[in-house]
Amino acid sequence: MDIKLVTALIHPIFAVIWVFPLIGIVSYFAMQTRQRRLQAAAGVKSKIPAAVGLEHVKIGRLMAGSVVMLSLIGFAYATIKGGFIEKKLMEEAPFRGIFLIFIFAFTLISLILLYRAKPKIWRATFATLTSMGLVVIGSQEWIFRRGGEWYISHYYYGLTATIFMVISLAIIPEIYKDRSLAWRRLHIALNTIALFLFMGQGITGMRDLAEIAFYSAK
Ligand code: HEM
Ligand code: HEM
(Lines give C-alpha, C1' and ligand atoms only; values in the text may rest on other atoms or scores of the structure.)
(Ligands and ions follow the chains in the order given, each with its own letter.)
Protein backbone atom coordinates (compact mmCIF):
# COMPACT_ATOMS: atom_id res chain seq x y z
CA MET A 1 0.00 0.00 0.00
CA ASP A 2 1.57 3.27 -1.06
CA ILE A 3 0.57 6.76 0.08
CA LYS A 4 -1.62 7.29 -3.03
CA LEU A 5 -3.75 4.26 -2.23
CA VAL A 6 -3.96 5.09 1.48
CA THR A 7 -5.22 8.64 0.79
CA ALA A 8 -7.72 7.34 -1.78
CA LEU A 9 -9.13 4.96 0.83
CA ILE A 10 -9.61 7.46 3.70
CA HIS A 11 -13.07 8.46 2.46
CA PRO A 12 -14.47 4.94 1.81
CA ILE A 13 -13.04 3.62 5.12
CA PHE A 14 -14.53 6.52 7.11
CA ALA A 15 -17.89 5.85 5.39
CA VAL A 16 -17.88 2.12 6.15
CA ILE A 17 -16.54 2.03 9.70
CA TRP A 18 -18.07 5.22 11.08
CA VAL A 19 -20.85 6.83 9.03
CA PHE A 20 -22.85 3.75 7.98
CA PRO A 21 -23.03 2.28 11.51
CA LEU A 22 -24.28 5.67 12.75
CA ILE A 23 -26.94 5.69 10.00
CA GLY A 24 -28.09 2.27 11.26
CA ILE A 25 -28.38 3.46 14.87
CA VAL A 26 -30.20 6.67 13.90
CA SER A 27 -32.68 4.73 11.71
CA TYR A 28 -33.43 2.26 14.51
CA PHE A 29 -34.15 5.06 17.00
CA ALA A 30 -36.20 6.89 14.33
CA MET A 31 -38.56 3.92 14.00
CA GLN A 32 -38.88 3.61 17.77
CA THR A 33 -39.50 7.34 18.20
CA ARG A 34 -42.31 7.19 15.68
CA GLN A 35 -43.85 4.03 17.12
CA ARG A 36 -43.78 5.46 20.63
CA ARG A 37 -45.43 8.69 19.50
CA LEU A 38 -48.15 6.83 17.56
CA GLN A 39 -48.81 4.54 20.54
CA ALA A 40 -49.06 7.56 22.86
CA ALA A 41 -51.45 9.27 20.42
CA ALA A 42 -53.62 6.12 20.38
CA GLY A 43 -53.63 6.07 24.18
CA VAL A 44 -51.68 2.79 24.36
CA LYS A 45 -49.09 2.44 27.12
CA SER A 46 -45.81 2.01 25.23
CA LYS A 47 -43.02 -0.40 26.20
CA ILE A 48 -40.54 1.77 24.30
CA PRO A 49 -38.49 3.95 26.67
CA ALA A 50 -39.18 7.69 26.64
CA ALA A 51 -35.53 8.49 25.86
CA VAL A 52 -35.59 7.10 22.28
CA GLY A 53 -36.43 10.51 20.79
CA LEU A 54 -33.48 12.15 22.55
CA GLU A 55 -31.17 9.28 21.59
CA HIS A 56 -32.29 9.63 17.95
CA VAL A 57 -31.43 13.33 17.99
CA LYS A 58 -28.15 12.89 19.91
CA ILE A 59 -26.77 10.31 17.46
CA GLY A 60 -28.55 12.11 14.57
CA ARG A 61 -26.58 15.31 15.26
CA LEU A 62 -23.34 13.35 15.30
CA MET A 63 -24.28 11.45 12.15
CA ALA A 64 -25.32 14.58 10.20
CA GLY A 65 -21.99 16.30 10.91
CA SER A 66 -20.10 13.11 10.08
CA VAL A 67 -21.82 12.92 6.68
CA VAL A 68 -20.79 16.53 5.91
CA MET A 69 -17.20 15.72 6.97
CA LEU A 70 -17.28 12.56 4.84
CA SER A 71 -18.31 14.55 1.76
CA LEU A 72 -15.66 17.19 2.48
CA ILE A 73 -13.02 14.42 2.68
CA GLY A 74 -14.26 13.01 -0.67
CA PHE A 75 -14.11 16.48 -2.21
CA ALA A 76 -10.72 17.28 -0.64
CA TYR A 77 -9.21 14.14 -2.13
CA ALA A 78 -10.62 14.91 -5.60
CA THR A 79 -9.58 18.59 -5.34
CA ILE A 80 -5.99 17.86 -4.22
CA LYS A 81 -5.50 15.12 -6.82
CA GLY A 82 -7.39 16.63 -9.79
CA GLY A 83 -6.81 20.33 -9.05
CA PHE A 84 -3.68 20.95 -7.00
CA ILE A 85 -1.55 18.06 -8.34
CA GLU A 86 -2.74 17.25 -11.88
CA LYS A 87 -3.81 20.79 -12.89
CA LYS A 88 -0.92 22.41 -10.91
CA LEU A 89 -3.40 24.91 -9.51
CA MET A 90 -0.94 26.87 -7.34
CA GLU A 91 1.30 27.53 -10.39
CA GLU A 92 -1.35 27.92 -13.11
CA ALA A 93 -4.09 29.74 -11.16
CA PRO A 94 -2.91 30.56 -7.62
CA PHE A 95 -5.85 32.85 -6.91
CA ARG A 96 -8.30 30.02 -7.63
CA GLY A 97 -6.24 27.65 -5.48
CA ILE A 98 -6.31 30.03 -2.49
CA PHE A 99 -10.02 30.70 -3.07
CA LEU A 100 -10.73 26.96 -2.89
CA ILE A 101 -8.74 26.51 0.33
CA PHE A 102 -10.71 29.45 1.72
CA ILE A 103 -14.04 27.84 0.68
CA PHE A 104 -13.12 24.56 2.42
CA ALA A 105 -12.36 26.48 5.64
CA PHE A 106 -15.47 28.62 5.20
CA THR A 107 -17.70 25.51 4.83
CA LEU A 108 -16.22 23.89 7.92
CA ILE A 109 -16.67 27.07 9.98
CA SER A 110 -20.28 27.44 8.73
CA LEU A 111 -20.97 23.85 9.86
CA ILE A 112 -19.51 24.53 13.34
CA LEU A 113 -21.58 27.73 13.62
CA LEU A 114 -24.70 25.82 12.48
CA TYR A 115 -24.21 23.48 15.46
CA ARG A 116 -23.96 26.45 17.81
CA ALA A 117 -26.68 28.71 16.36
CA LYS A 118 -29.98 29.00 18.23
CA PRO A 119 -32.11 31.78 16.60
CA LYS A 120 -33.94 30.65 13.46
CA ILE A 121 -32.31 33.28 11.24
CA TRP A 122 -28.77 32.12 12.11
CA ARG A 123 -29.64 28.45 11.69
CA ALA A 124 -31.06 29.26 8.23
CA THR A 125 -28.01 31.40 7.38
CA PHE A 126 -25.38 28.83 8.38
CA ALA A 127 -27.31 25.94 6.79
CA THR A 128 -27.39 27.93 3.52
CA LEU A 129 -23.69 28.85 3.78
CA THR A 130 -22.63 25.24 4.51
CA SER A 131 -24.69 23.98 1.54
CA MET A 132 -23.35 26.75 -0.72
CA GLY A 133 -19.77 25.84 0.23
CA LEU A 134 -20.42 22.21 -0.71
CA VAL A 135 -21.97 23.21 -4.05
CA VAL A 136 -19.08 25.56 -4.94
CA ILE A 137 -16.45 22.92 -4.09
CA GLY A 138 -18.46 20.27 -5.95
CA SER A 139 -18.86 22.30 -9.13
CA GLN A 140 -15.12 22.42 -9.97
CA GLU A 141 -14.33 20.65 -13.24
CA TRP A 142 -12.11 17.91 -11.70
CA ILE A 143 -14.96 16.54 -9.55
CA PHE A 144 -16.25 13.42 -11.29
CA ARG A 145 -19.99 14.03 -11.61
CA ARG A 146 -21.06 11.37 -14.11
CA GLY A 147 -23.22 14.12 -15.67
CA GLY A 148 -24.70 12.01 -18.48
CA GLU A 149 -25.70 9.38 -15.94
CA TRP A 150 -26.69 11.74 -13.13
CA TYR A 151 -29.33 9.24 -11.91
CA ILE A 152 -26.58 6.82 -10.80
CA SER A 153 -24.00 9.42 -9.81
CA HIS A 154 -22.12 9.16 -6.50
CA TYR A 155 -21.69 12.93 -6.63
CA TYR A 156 -25.36 13.93 -7.08
CA TYR A 157 -26.66 11.37 -4.56
CA GLY A 158 -23.96 12.34 -2.07
CA LEU A 159 -24.45 16.09 -2.38
CA THR A 160 -28.25 15.79 -2.07
CA ALA A 161 -28.07 13.52 1.00
CA THR A 162 -25.47 15.80 2.60
CA ILE A 163 -27.66 18.87 2.12
CA PHE A 164 -30.59 16.92 3.65
CA MET A 165 -28.39 16.32 6.71
CA VAL A 166 -27.62 20.06 6.91
CA ILE A 167 -31.37 20.79 6.77
CA SER A 168 -31.98 18.19 9.54
CA LEU A 169 -29.50 19.98 11.77
CA ALA A 170 -31.13 23.34 11.06
CA ILE A 171 -34.76 22.40 11.75
CA ILE A 172 -34.51 20.46 15.06
CA PRO A 173 -36.28 23.13 17.21
CA GLU A 174 -39.05 23.50 14.59
CA ILE A 175 -39.83 19.74 14.80
CA TYR A 176 -40.42 20.10 18.56
CA LYS A 177 -42.30 23.41 18.47
CA ASP A 178 -44.70 22.69 15.64
CA ARG A 179 -48.05 21.28 16.86
CA SER A 180 -49.32 20.77 13.30
CA LEU A 181 -46.56 18.15 12.67
CA ALA A 182 -45.67 19.80 9.34
CA TRP A 183 -41.93 20.07 10.16
CA ARG A 184 -41.93 16.53 11.55
CA ARG A 185 -43.47 15.25 8.29
CA LEU A 186 -40.99 17.26 6.21
CA HIS A 187 -38.16 15.76 8.30
CA ILE A 188 -39.45 12.21 7.79
CA ALA A 189 -39.95 12.74 4.03
CA LEU A 190 -36.47 14.24 3.44
CA ASN A 191 -34.69 11.69 5.58
CA THR A 192 -36.49 8.68 4.14
CA ILE A 193 -35.22 9.85 0.75
CA ALA A 194 -31.77 10.39 2.35
CA LEU A 195 -31.81 6.79 3.59
CA PHE A 196 -32.29 5.53 0.01
CA LEU A 197 -29.59 7.92 -1.19
CA PHE A 198 -27.21 6.52 1.47
CA MET A 199 -27.89 3.01 0.14
CA GLY A 200 -27.18 4.44 -3.31
CA GLN A 201 -23.87 5.81 -1.96
CA GLY A 202 -22.89 2.33 -0.79
CA ILE A 203 -23.58 0.97 -4.29
CA THR A 204 -22.18 3.82 -6.42
CA GLY A 205 -19.16 4.24 -4.10
CA MET A 206 -18.25 0.56 -4.41
CA ARG A 207 -18.77 0.74 -8.17
CA ASP A 208 -16.50 3.81 -8.53
CA LEU A 209 -13.81 2.30 -6.33
CA ALA A 210 -13.93 -0.96 -8.30
CA GLU A 211 -13.96 0.89 -11.64
CA ILE A 212 -10.92 2.99 -10.71
CA ALA A 213 -9.00 -0.11 -9.57
CA PHE A 214 -10.16 -2.22 -12.52
CA TYR A 215 -9.36 0.29 -15.28
CA SER A 216 -6.05 1.43 -13.81
CA ALA A 217 -4.94 -2.21 -13.55
CA LYS A 218 -5.67 -2.82 -17.25
C1 HEM B 1 -31.58 8.38 8.42
C2 HEM B 1 -31.91 9.54 8.82
C3 HEM B 1 -33.14 9.86 9.63
C4 HEM B 1 -34.40 9.32 9.56
C5 HEM B 1 -34.89 8.21 8.65
C6 HEM B 1 -35.22 10.03 10.54
C7 HEM B 1 -36.55 9.78 10.79
C8 HEM B 1 -37.24 10.25 11.87
C9 HEM B 1 -38.52 9.75 12.32
C10 HEM B 1 -39.32 8.62 11.64
C11 HEM B 1 -38.87 10.44 13.42
C12 HEM B 1 -40.13 10.24 14.26
C13 HEM B 1 -41.20 11.11 13.74
C14 HEM B 1 -42.50 10.90 14.43
O15 HEM B 1 -42.58 11.19 15.62
O16 HEM B 1 -43.42 10.43 13.75
C17 HEM B 1 -37.83 11.43 13.67
C18 HEM B 1 -37.83 12.34 14.69
C19 HEM B 1 -36.87 13.30 14.86
N20 HEM B 1 -35.68 13.41 14.16
FE21 HEM B 1 -35.07 12.20 12.71
N22 HEM B 1 -34.46 10.99 11.15
C23 HEM B 1 -33.20 10.91 10.63
C24 HEM B 1 -32.10 11.70 10.97
C25 HEM B 1 -32.16 12.76 11.85
C26 HEM B 1 -31.10 13.67 12.10
C27 HEM B 1 -29.75 13.61 11.37
C28 HEM B 1 -31.54 14.59 13.03
C29 HEM B 1 -30.83 15.75 13.63
C30 HEM B 1 -29.75 16.28 13.17
C31 HEM B 1 -32.91 14.24 13.38
C32 HEM B 1 -33.74 14.92 14.24
C33 HEM B 1 -35.00 14.51 14.65
C34 HEM B 1 -35.79 15.16 15.69
C35 HEM B 1 -35.42 16.42 16.46
C36 HEM B 1 -36.95 14.38 15.85
C37 HEM B 1 -38.06 14.57 16.89
C38 HEM B 1 -37.73 13.64 18.05
C39 HEM B 1 -38.75 13.59 19.15
O40 HEM B 1 -39.95 13.68 18.90
O41 HEM B 1 -38.34 13.41 20.31
N42 HEM B 1 -33.25 13.11 12.65
N43 HEM B 1 -36.84 11.27 12.71
C1 HEM C 1 -22.84 8.43 3.24
C2 HEM C 1 -22.14 7.93 2.30
C3 HEM C 1 -21.27 8.68 1.32
C4 HEM C 1 -21.30 10.01 0.95
C5 HEM C 1 -22.24 11.13 1.43
C6 HEM C 1 -20.25 10.18 -0.05
C7 HEM C 1 -19.95 11.38 -0.68
C8 HEM C 1 -18.92 11.55 -1.59
C9 HEM C 1 -18.57 12.80 -2.22
C10 HEM C 1 -19.33 14.12 -2.01
C11 HEM C 1 -17.51 12.58 -3.03
C12 HEM C 1 -16.76 13.63 -3.87
C13 HEM C 1 -17.41 13.77 -5.20
C14 HEM C 1 -17.00 12.71 -6.17
O15 HEM C 1 -15.79 12.63 -6.48
O16 HEM C 1 -17.89 11.95 -6.60
C17 HEM C 1 -17.17 11.18 -2.96
C18 HEM C 1 -16.17 10.53 -3.69
C19 HEM C 1 -15.92 9.19 -3.66
N20 HEM C 1 -16.54 8.26 -2.84
FE21 HEM C 1 -18.05 8.61 -1.53
N22 HEM C 1 -19.60 8.98 -0.25
C23 HEM C 1 -20.20 8.03 0.56
C24 HEM C 1 -19.87 6.70 0.69
C25 HEM C 1 -18.90 6.05 -0.06
C26 HEM C 1 -18.60 4.63 0.01
C27 HEM C 1 -19.29 3.62 0.93
C28 HEM C 1 -17.59 4.37 -0.89
C29 HEM C 1 -16.89 3.10 -1.27
C30 HEM C 1 -16.96 2.00 -0.67
C31 HEM C 1 -17.27 5.64 -1.53
C32 HEM C 1 -16.32 5.81 -2.52
C33 HEM C 1 -16.00 7.00 -3.12
C34 HEM C 1 -15.00 7.15 -4.17
C35 HEM C 1 -14.20 5.99 -4.78
C36 HEM C 1 -14.96 8.51 -4.50
C37 HEM C 1 -14.06 9.17 -5.55
C38 HEM C 1 -14.40 8.71 -6.94
C39 HEM C 1 -15.70 9.20 -7.49
O40 HEM C 1 -15.91 10.39 -7.59
O41 HEM C 1 -16.51 8.37 -7.93
N42 HEM C 1 -18.08 6.64 -1.00
N43 HEM C 1 -18.05 10.56 -2.07
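Nothing here was measured: the structure is a model prediction, and the numbers come from that model. The figures that follow rest on heavy atoms only: side chains count, while hydrogens, waters and symmetry mates do not. Whatever order the structure lists them in is the order used to number ligands and atoms, beginning at 1.
For Y157, the closest heavy-atom approach to ligand 2 does not fall below 4.0 Å. Within the 4.0 Å heavy-atom shell around ligand 1 one finds Y176. At least one heavy atom of L169 sits less than 4.0 Å from an atom of ligand 1.
Atom 6 (C) of ligand 2 has its closest protein heavy atom at Q201 NE2, 3.1 Å. Ranking the protein heavy atoms by distance from atom 3 (C) of ligand 2 puts L70 CD2, 3.4 Å first. The protein non-hydrogen atom at the shortest distance from atom 29 (C) of ligand 2 is G205 C, 3.4 Å. Of all protein heavy atoms, the one lying nearest to atom 5 (C) of ligand 2 is S71 OG, 3.6 Å.
Only side-chain heavy atoms of I143 come within less than 4.0 Å of ligand 2; its backbone N, CA, C and O stay farther off. Under 4.0 Å from ligand 2, the heavy atoms of F20 that appear belong solely to its side chain. Proximity of R146 to ligand 2, defined as any heavy-atom pair under 4.0 Å, is not found for any part of the residue.
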Steps toward side chain to side chain contact (heavy atoms under 4.5 Å, CB included) verdict (F104, T79):
CA-CA 10 Å; F104 268 95; T79 306; 3.8 Å; yes
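Considering E55, Q35, R37 only, the shortest heavy-atom separation from atom 16 (O) of ligand 1 involves R37. Taking each of I172, I59, V57 in turn, the one with a heavy atom nearest to atom 34 (C) of ligand 1 proves to be V57.
Heavy atoms of other residues, nucleotides or ligands lying less than 6.0 angstrom from CE of M31 number 12 at most.
Using a cut-off of 4.0 Å between Lys/Arg side-chain N and Asp/Glu carboxylate O, R96 and E141 are scored as salt-bridged.
Less than 4.0 angstrom separates some heavy atom of G60 from each of these atoms of ligand 1: 26 (C), 27 (C), 30 (C). Here is the list of ligand 1 atoms found below 4.0 Å of a heavy atom in G53: 41 (O). The contact set between ligand 1 and L195, taken as ligand atoms under 4.0 Å from a residue heavy atom, comprises 1 (C). Near V26, the atoms of ligand 1 lying under 4.0 angstrom from a non-hydrogen atom of the residue are 23 (C), 24 (C).
In this structure a side-chain-to-backbone donor-acceptor pair under 3.5 Å is present from T160 to Y156.
Rounding to 10°, one obtains 180° for the angle at atom 21 (Fe) of ligand 1 between NE2 (H56) and NE2 (H187).
Considering backbone and side-chain atoms alike, S168 places every N or O at 3.5 Å or more from each N or O of ligand 1. For ligand 1, one of its N or O atoms has an N or O atom of R34 under 3.5 Å away. Ligand 2 has no N or O atom lying under 3.5 Å from any N or O atom of T162, backbone or side chain.
In this structure the side chain of F106 never reaches within 4.5 angstrom of the side chain of I109, judged on heavy atoms.
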